[in-house]
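Below you'll find the structure, written out as structure tokens, and then a few comments.
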Amino acid sequence: MVSLDQTQLDEELDMTNIPEHIAIIMDGNGRWAQKRHLPRIAGHKQGMNTVKKITKAASDLGVKVLTLYAFSTENWKRPKDEVNYIMKLPVTFFNTFIPDLIKNNVRVNVMGYIDELPDATRDVVNKAIEDTKDCTGMVLNFALNYGSQAEITTAVQQIAKEVQAGQLSPEAISQETIEQHLMTHGLAPYSNPDLLVRTSGEERISNFLLWQIAYSEFVFVQDHWPDFGQQTLIDTIKIYQSRHRRYGGLNKK
Ligand code: IPE
Ligand code: IPE
Ligand code: MG
């Protein structure tokens, strides 16, 4: 794909205020396909190509972490055939895209209940993490079999065990203790998204990063994920740059 033109970008964006962590709820694959009288899985396949395109664009923009919600802990409720197809996509994705990721210095991270994935999916994901472990550029963080309520529940169980073992007193539990037990801990200092995007016009969170989005800026776009392009990404960042983040304080401007 074409690389982003630096002069054109400088005109469109404030390059000193690029969100460091962008999280995207990639929604609307099924509707994209249905609109074209195609099976839903055709939308997932096209969505994978969008992932490649947006990974490159975000990395070119200097984003530090790109988190993509690929499969939720609730998505197992879908028909078996659709779930099976989605579970095969990481295999195709990583088997074709690893050289590009390495070339772009992108490191793969995966958060979610990986042990519950089919063997082939888990193996390819672990291999992608291993193959890109020395990359020092953007982190491409897939949320795969991820759910925030499950994540928080697991964190509470781990903390309770530490208390039970006498390693921690209840009074010593702080916000940091909780953050250290969340799946985003390894992304520090970029654990929390600056910008949260959801495609396809739905305006809900669907169990994504409930703790971490406390002060994220939300942008909802109408495009279905397969139609989300480099310019859509730039447009969402422009909206982000027009916002004033106050964190409960007063606006400095
Ligand atoms: C998002 O697209 C991909 C996954 C949840 C795996 P959807 O499959 O949810 O597409 P819609 O929302 O049904 O159109
Ligand atoms: C959220 O989308 C999960 C992913 C994008 C992976 P869903 O399509 O599953 O969310 P709901 O069911 O519309 O809330
Ligand atoms: Mg959906």
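Just so it is clear, the structure is predicted and the values come from calculations on it, not from any experiment. Each ligand, and each atom within it, is numbered from 1 in the order the structure gives.
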Give the atom name of whichever N/O/S atom in Asp27 sits closest to the Mg ion (ligand 3).
OD1
Shortest reach to atom 11 (P) of ligand 1 by a heavy atom, considering only Lys35, Arg31, Glu74, His44:
Arg31
The option among Glu202, Arg204, Arg198 carrying the non-hydrogen atom nearest to atom 10 (O) of ligand 2 is Arg198
What I want to know is whether Trp32 and ligand 1 share at least one N or O pair that is separated by under 3.5 angstrom.
no
Looking only at distances, can you tell me whether any N or O atom of Gly30, backbone or side chain, sits closer than 3.5 Å to an N or O atom of ligand 1?
yes
According to side chain to side chain contact (heavy atoms under 4.5 Å, CB included), who are the partners of Asp14, at least two apart in sequence or on a separate chain?
Thr16, Asn17, Gln241
Pairs where residues 178-206 contributes a residue and the test ring-ring contact (aromatic ring centres under 6.0 Å, His included) is met, not counting sequence neighbours
none
Asp27 neighbourhood, listing ligand 2 atoms whose heavy-atom distance to it stays under 4.0 Å:
2 (O), 8 (O)
Region of Arg40 engaging ligand 1 - heavy atom pairs below 4.0 Å
side chain
Can a non-hydrogen atom of Ala33 be found less than 4.0 Å from any atom of ligand 1?
no
If we only count N/O pairs under 3.5 Å, is Arg78 in contact with ligand 2?
yes
Starting from atom 2 (O) of ligand 1, what is the nearest protein heavy atom, named by residue and atom, and what distance separates them?
Asn29 N, 3.2 Å
Close aromatic pair by centroid cut-off 6.0 Å: Phe93 and Phe142:
yes
